[in-house]
Amino acid sequence: MHQSPSQEMGGIKPYADHRDDGIVQVSFTLPVHGEQTARFAGLEIARRMGLSRPEVVHHEKVTDGYTYLLLYGVFEEPLDYDAVRRESFEDEYMSKDEVDAFVERTARRQIVVIGASTGSDTHSVGIDAMLNLKGYDGRHGLEGYKAFATHNMGSQVPNTALVARAQELNADAIVVSQTVTQQDLHIHNLTELVEMVEAEGMRESTILVCGGPRISDGLAKELGYDAGFSKGTFPNHLATFLARAIASQAGDSSEDAPE
Amino acid sequence: MEAKSWGANGVEPHETGCGSSKLALDPGVVAACRDAAAEIAAGVSAEIADKTTVSVERTVLRLLGLEKADASDVPLANVVVGHVFDQGKLGLGIGYWIGNGMIQTGLEPNELALEVAAGELDLCALPIAEDEAIHDCVANACAERQRQVSAALEQRRERREQIGESPPPHRYVLTATGNIYEDVVHARAVADHGGDIVAVIRSTAQSLLDYVPDGPTTEGFGGTFATQANFRIMREALDEWADSNGRYVRVSSFCSGLCMPEIAVLGALEGFDNMVNDALYGILYRDINMVRTLIDQRLSRMINGFFHVVINTGEDNYLRTADAIEAAPSVVASQFINFQLARDSGVRPEHVAIGNAFEIHPDVPNSLLLELAQAQLTRELFPDSPVKYMPPTRHMNGNPLRTHACDTLFNLVAVGTRQGLQTIGVPTEGIFTPHIHDRTLALENVAYVGTAARDFADDIEFKGGGIVQSRAQYVLDRARAMLEGIAEAGLLEAISEGCFGDVRRNPDEGRGSEGIIATDGRYFNPLVEIMSDAPVA
């Protein structure tokens, strides 16, 4: 099979029309009156972003004193792809049936999972997609798995209530969803939860994961979570992670998932 | 585009949408739906009789002009109602205690509130006047304030006619920066690109606050706090815009959560044209106690109806938590119930904007036809009401260009079925609260489709027995079955069985139940008296 060039070569650049042309698109609004002035300011911003040969292809007034710009530019410096690839890691996910079989073989019991959208966040879409039977895009949520005993507390759940319920149920894992991120509200909420779990002495025995459109695995780990899930996550991704985490807790990590 | 005057409701004058049915609906089925809805609404009235709530009582004080907060930021309306509530004497109504206070001290309501806040006055420890004197004193004060508000709104409506508006569908656009002064910048950009109604989304936590915060606010999450001062700032900014640009722009907020009736009065005081005001939303999506919400929605809608503020129902939300194809009958059933509850509160049909949304998964074959069926159905079932039609959100995956393409079809259905209000879909849906230029792109899309398909609705018919007609007839028939079932069981029971949006709630659970009070035999509410004495259209 033909191997993509980026896999054999060290340096990569954005691809638009042909290899290594480095073309990228950026768009933004500037709080500037004159559209011509805005164009020049936009070109300068693009250059400072490291883009060469920037070009404004579209500009329009948004309202008095605000101009929207759409630009193209060239990213010249090739990126050392091998170095990046070593740092990231792509998980091999199990399907629902594989997770159920894996847990039956490793944990030999149901994994108790409790989830909520916490704090003032009213969005239940994310947590429902992961936990409810209906799931997302035709893939069942954790409620549909034999491997999990799932408790979805819904949205606007205070961190205190979530922790109390987790203790009551002796939960193996806490799953938190955060959708609203304006002014870093999600960071405050997520930090508070970690601190609470630690204060209750549950951190060692509890798998703590969070998810949401603006949450990355990196951010989650920085905040003290075991993992973070972002856009593009399906319930079986979360299920795979939880199943493997429980297995490794139990010292069964040697047994691998069927491929 | 020429600006001219349209009906107060966003429905073209002498134009009720569609004339004869394009869907070959069975009038007998429609009548059965209406009958069942009337029975359900009557059951609600029985459920909420002889009860009031802390927010209903605070609403009286808001009309009487209490606006500020005490030294620890507790709004004066909460201070006064809390003061009587804590003594277990709110069963007589706050009107009773304020009326008596006015008589005994000679002070105005706001002065009384300041004394209570300062701990210098106990309203329940004053000598008590005759019942009739108390009633007349506070009823007159309320009536005077109401006449001022009515006059100001009348003036505003004249001005709206004079300046003129765009033809429907009215483009309903949301801002949500968290900072009211930034919202004003975004709102001006919206108006510049043809937006007709600006709604400032509320901060995500506000629906569960049992008070309306005081003053202008610059920090909110996923939205900006609804406060009287914020209302005033946005209203002034868009009046100013209308004066310089020759087109009136309406303003909207949310009568929902634990302060439904209070926000309705604040909106009327500040000249708002529109309010989101669903009967069941708080129960289903904010886990507010059913009885609390049903009492609050009644007065809230009475106020909006009385002052001719257009209300929006929220059926679009069901389609976000349940599958849009399966949940379609529950949407129609809820539309009938919401409409009837609004009518029972004195809201005229032309002031009820029925909720609907374009939420079928884009990968479903013929989803456009199914959306046409649902949109046309809503339009035909409520010919005298403008429909509030909502764009796709649930399946928007973060690809702005795909979302923009879906929004184009949504815009086509909106104009092709003559919706009254159209919330615009924004390309960055599902990523973040819209950036200022995202709405510009969205409004350009609406304008393009609106122009290209301007008379589409008048020129199309649907094939007898085709996909659109069959789907609409099927959904209506399922809605009838559902409504008859709910009429038999009662609305509270139906909600606890998860009829709407796949959400289950129990009557004795939920937030805010501590704020429900059984009324005394001598209870009166001067605001309710004014509103229920008004001739109902």
Side-chain angles (χ1 to χ4, degrees), chain A residues 25 27-31 38 42 58-70 116-129 132-138 152-158 161 178-189 212-214 230-234, chain B residues 176-179 184-193 202-209 218-224 241 244 257 285-288 317 320-323 326 361 363 393-395 397-400 430-433 435-441 443-444 501-505 511:
Chain A
Q25 182 204 70
S27 66
F28 48 84
T29 291
L30 290 178
H58 178 70
H59 63 92
E60 66 181 287
K61 181 175 142 183
V62 175
T63 187
D64 284 342
Y66 295 83
T67 306
Y68 172 61
L69 300 161
L70 182 66
S117 171
T118 54
S120 59
D121 202 331
T122 56
H123 295 80
S124 63
V125 174
I127 197 73
D128 288 351
N132 287 3
L133 177 63
K134 187 166 274 167
Y136 179 68
D137 211 28
N152 182 359
M153 293 179 72
S155 67
Q156 287 190 317
V157 176
Q178 290 282 290
T179 304
V180 174
T181 55
Q182 225 168 26
Q183 296 174 51
D184 287 339
L185 180 66
H186 59 309
I187 311 255
H188 299 300
N189 261 333
R214 319 281 285 167
S230 192
K231 276 191 104 60
T233 301
F234 289 100
Chain B
T177 68
N179 177 330
V184 164
V185 176
H186 285 237
R188 285 203 193 103
V190 163
D192 280 343
H193 291 273
R202 301 195 305 178
S203 180
T204 181
Q206 189 171 2
S207 49
L208 296 184
L209 301 181
T218 55
E219 277 183 31
F221 302 107
T224 309
W241 188 93
S244 357
Y285 296 107
R286 296 294 178 265
D287 196 13
I288 294 172
N317 293 289
R320 308 218 169 93
T321 54
D323 178 80
E326 288 166 33
H361 197 294
D363 291 348
T393 60
R394 187 180 187 203
H395 302 293
N397 59 4
N399 172 356
I431 306 176
F432 36 56
T433 49
H435 292 168
I436 191 163
H437 43 257
D438 297 336
R439 294 191 202 86
T440 302
L441 301 172
L443 283 159
E444 286 171 352
D502 282 350
V503 180
R504 285 163 211 278
R505 300 293 183 207
R511 300 169 164 113

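The structure presented is a predicted model; accordingly, all values stated were derived computationally and were not measured. In what follows, chains are A, B, ... by sequence order, proteins preceding strands, each numbered from 1.
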- Item | A:R214 to B:F432 - nearest heavy-atom pair and separation | NH1-CD2, 4.2 Å
- Inter-residue atom distance A:Y68.OH - B:T440.OG1, 0.5 Å rounding: 9.0 Å
- Query: Atom CG of B:N397 and atom NZ of A:K231: how far apart are they, to the nearest 0.5 Å?
  - Reply: 7.0 Å
- Task: Let me know if B:V190 has heavy atoms under 4.5 Å from chain A in its side chain, its backbone, both or neither.
- Result: neither
- Applying a strict 4.5 Å limit to non-hydrogen atoms, the region of A:Y66 in contact with chain B is side chain
- Could you state the interatomic distance from OG1 (A:T63) to CZ (B:R188), rounded to the nearest 0.5 Å? 7.0 Å
- For B:L441, is it the side chain, the backbone, both or neither that has a heavy atom under 4.5 Å from a heavy atom of chain A? side chain
- Task: Give the member of B:I436, B:D363, B:V503, B:D323 that has the highest number of heavy-atom pairs under 4.5 Å with chain A.
- Result: B:I436
- What part of B:H361 gets closer than 4.5 Å to chain A, counting heavy atoms only: side chain, backbone, both or neither? side chain
- Query: With sequence neighbours left out, what residues match B:R505 under salt bridge (Lys or Arg N to Asp or Glu O under 4.0 Å)?
  - Reply: B:D287
- Message: For B:H437, run the side-chain contact (heavy atoms from CB on, under 4.5 Å) check against A:T67, A:L70, A:V62 and tell me which one passes.
- Response: A:V62
- Message: Which heavy atom of A:Q156 sits nearest to which heavy atom of B:R511, and what is that distance?
- Response: O-NH2, 3.0 Å
- Task: Under 4.5 Å heavy-atom distance to chain B, tell me which part of A:N132 shows up: side chain, backbone, both or neither.
- Result: neither
